[in-house]
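One structure is given here, and the rest of the page talks about it.
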Amino acid sequence: MSEYRWKDLLDINSKSKAYLSPLSCIAHIDVNAFFAQVEQIRCHYNVEDPVVCVQWNSIIAVSYAARKFGITRMDSVFDALKKCSNLVPIHTAVFRKGEDFWQYHDDCGSWHTEEEKRLTPEKFKVSLDPYRRESRKVIKIFHEWCDMVEKASVDEVFLDLGRNVFATLLLGDEVKGFESIRDQFKNGEYELDDYLPTVPRDLDIQFDPGDYNPENEFVFQDWDDVLFCLGSKITDKIRQQIIDVLGYTTSCGIARTRTMAKLGSNFKKPNAQTVIRNRNIGYFLDNGSFELTSFWSMGGIMGKELSTLLELPKEKPLRYIRESWPMASSDVKAFMKEKIAMLADDTERSFNLSDEQCQQLSEKIFLLARGDFKMPMNPRPMIRSMMSNKNLRGESCRHYQDCLAWLEVFSGELIGRIKELEQEYERIFIPKTMTISTRTPGFQRHSRSSGLVVGGRIKAKDLMELGTRLTKELDTKFGNTKDYYPLTNINMVISNFEILETGRTIVDMFGRQTQVIRKSGDDFVKPSDNHSNSDDCEIKRTLRCEPCDMDFETELSFKEHTDFHYAMRLSESLNGATEDSKNLSYGERRLLFSSAKRPAKTSQQGPSKKSHSQKKSDIYKYFSK
DNA sequence: TACTCACAG
DNA sequence: GGCTGTGAGTA
């Protein structure tokens with residue numbers, strides 16, 4: 001008989017409960033040496049070419065081909081060239097001081113170029129935009145497969161595969177051998193607290209690729225083994241699609257919890273996956289030379305201090321934790337908590353933890369060492385602020401004019417990032433506050449902030465104007481004092497975003513809803529990430545546009561329609577009512593829109609100077625995707 | 001709200 | 001090691 005119950009299995013079909021189930025199936029996937037791969041693909045090299053991604057003279061990402069030569073992120077380009085004369089160093093895109101767009105300068109890298117062509121921090125600022133763009137493409141693929149995707153950083157995600165594996169096991173018929181449990185499920189022949197039946201012996205599946213099974217255990221002992229196997233086949237397909245469509249190799253870990261999945265993805269690189277089955281957790285942790293500091297959030301001071309406090313041995317420290325506190329009962333945790341608190345007091349370390357925090361911490365360590373620390377998938381919090389920052393060396397910002405030149409860069413970068421956000425969330429973001437900060441050679445900080453008032457969407461010009469004013473204020477106040485110039489840092493922060501929802505805005509325009517605008521706030525999450533109400537049910541509602549007397553079948557077509565209205569209104573408010581917008585039917589107008597295509601994607605942004613017609617197509621560009 | 005610190009990549 | 005970003009804690 002299985003050690004799991006029906007409710008454990010059913011829970012993984014619920015977005016809110018899945019991660020808590022003992023049968024949960026979580027994946028962590030990261031793109032190998034992401035920046036290096038982006039550059040490799042962009043410049044048409046292949047996996048065997050030793051590409052490195054460069055910033056000034058430093059290497060910020062090393063492809064696996066280059067790692068074979070012993071090159072690391074610590075090396076300078078010159079060091080790396082000594083290790084590998086065929087090295088392919090590719091510099092990141094950069095903004096030039098005084099310009100508000102970024103560009104690649106593939107003909108003038110920073111290693112063997114004449115002085116005047118060299119990319120230096122005095123005249124340029126690195127742009128990470130290309131990586132954010134590629135990241136979005138990758139994330140999009142994950143969303144096509146999985147209903148819970150958490151973007152953990154620009155190059156890694158967590159996936160809750162609960163619904164995927166549940167469906168493969170109980171709803172599909174691809175895999176033979178599950179007929180009996182499927183019938184039982186379909187006919188409702190079970191109680192939630194009943195144990196699941198024994199796993200059939202004659203399953204028509206192979207646990208490959210990725211199974212971590214060093215002790216050569218019988219593969220399908222229980223349903224968790226089966227589910228991980230199904231999950232690994234899904235991630236294998238996802239990863240293959242990423243290779244096929246975008247060309248990037250990834251590493252993947254699959255396990256019961258996020259922390260274990262993350263250790264798994266790091267286990268084999270590049271282009272590999274590792275499944276840490278529940279029965280192998282202890283073996284994996286003890287024989288993979290893992291310690292407390294291996295876990296996410298324990299990598300810094302906290303993990304080191306705790307290891308010392310708890311007197312963890314060098315050998316198999318996690319096994320030591322498991323064996324020192326062998327039971328999960330609350331008094332054992334209380335004991336451990338006490339020990340942490342006691343040691344913290346005794347040794348007068350940098351700890352200052354409340355009783356509550358000690359309790360939580362001990363609980364966390366207890367669970368981490370057992371690969372059982374469960375964390376929910378988090379919807380990405382809505383943006384609060386956005387910064388464009390430049391550390392300056394030498395004389396590159398000696399007076400007011402220099403500041404303005406960097407402001408151009410900041411304005412361009414921030415506008416670009418707002419556009420990215422707007423595409424990702426299908427919302428309009430309007431910052432209401434701007435801060436300009438500077439740092440003097442004596443590391444003194446000064447800042448000025450002010451409200452940003454603009455009608456409609458923010459433009460680079462708006463940022464530039466306010467930025468100029470604030471910089472002027474700073475210059476007037478401090479510019480004449482000694483030790484202000486040359487600045488060692490200057491940055492622009494925009495915050496306090498007003499977030500317009502395109503669909504709702506237009507609906508409101510026609511008086512069907514009261515809520516138009518939602519301010520940026522804690523409760524704002526992307527609809528597809530909104531776990532609370534998307535759980536197991538769907539709400540059907542009628543989608544109708546009164547003014548046009550039209551009904552819509554799908555959310556998508558309705559949204560398209562309302563976006564059309566919105567864009568038209570926006571266009572009118574900016575350009576005045578046009579013939580286009582006055583007398584055409586919806587169908588005719590729609591044709592106008594779809595024929596206004598976004599320019600083909602290029603590897604660089606155009607300068608911001610635009611003719612009138614280009615300005616107009618900007619509006620179209622946004623909505624014609 | 002502004003600032004610092006810890007942590008991550 | 002330079003750079004960017006986030007969340008928690010603090011005043």
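Lettering follows sequence order; numbering is per chain, from 1. This is a predicted model, so every value here is computed, not measured.
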Under the ring pair (Phe, Tyr, Trp, His ring centres under 6.0 Å) test, residues paired with A/Phe284 that sit two or more places apart: A/Tyr212, A/Phe267, A/Phe290
Rounded distance in Å - CZ (A/Arg384) to C1' (C/dT6): 11 Å
Any residue meeting side chain to side chain donor-acceptor pair (under 3.5 Å) with A/Thr438, in chain and number order, not counting sequence neighbours: A/Tyr484
Test of ring centre spacing under 6.0 Å for A/Phe124 and A/His105: yes
N or O in side chain of A/Lys390 less than 4.0 angstrom from C/dG2 OP1/OP2: no
Nearest-Å distance for atom pair NE2/P, residues A/His91 and C/dC3: 11 Å
Residues that A/Ala66 engages under side-chain contact (heavy atoms from CB on, under 4.5 Å), provided they are two or more places apart: A/Pro50, A/Val52, A/Val62, A/Ser63, A/Ile71, A/Leu87
Closest listed nucleotide, where the reference is the side chain of A/Leu128 and the choices are C/dT4, C/dG1, C/dC3: C/dT4
Test side-chain contact (heavy atoms from CB on, under 4.5 Å) applied to A/Glu99 - qualifying residues, sequence neighbours left out: A/Arg96, A/Phe101
Sugar-phosphate only, base, or nothing, as touched by A/Met74 at under 4.0 Å among non-hydrogen atoms: base
A/Val94 and its side-chain contact (heavy atoms from CB on, under 4.5 Å) partner, picked from A/Thr120, A/Val409, A/Leu119: A/Leu119
Side-chain N or O of A/Asn389 closer than 4.0 Å to phosphate OP1/OP2 of C/dT4: yes
Whole angstrom value for the distance that separates C1' of C/dT6 from CZ of A/Arg132: 14 Å
Separation of atom CE in A/Met386 from atom C1' in C/dT6, rounded to whole Å: 14 Å
Phosphate contact (C/dG5 OP1 or OP2) by A/Lys151 side-chain N/O below 4.0 Å: no
A/Glu473: side chain to side chain donor-acceptor pair (under 3.5 Å) partners, not counting sequence neighbours: none
A/Arg393 side chain near C/dC3 phosphate (N/O to OP1/OP2, under 4.0 Å): yes
Touch class at under 4.0 angstrom, heavy-atom based, for A/Lys125 against every strand present: sugar-phosphate
Nearest to side-chain heavy atoms of A/Arg73, which nucleotide of B/dG9, C/dG1, C/dG5: C/dG1
Atom-pair distance (CZ on A/Phe410; C1' on C/dT4), nearest Å: 13 Å
Nearest-Å distance for atom pair CZ/C1', residues A/Arg417 and C/dT6: 12 Å
Contact letters for nucleotides 1-7 of chain B, in which S counts primed atoms plus P, OP1 and OP2 and B counts the base, heavy atoms under 4.0 Å: -----SS
Whole angstrom value for the distance that separates C1' of B/dA8 from CG of A/Leu263: 15 Å
Interatomic distance, A/Glu156 CD vs B/dA8 C1' [rounded to whole Å]: 8 Å
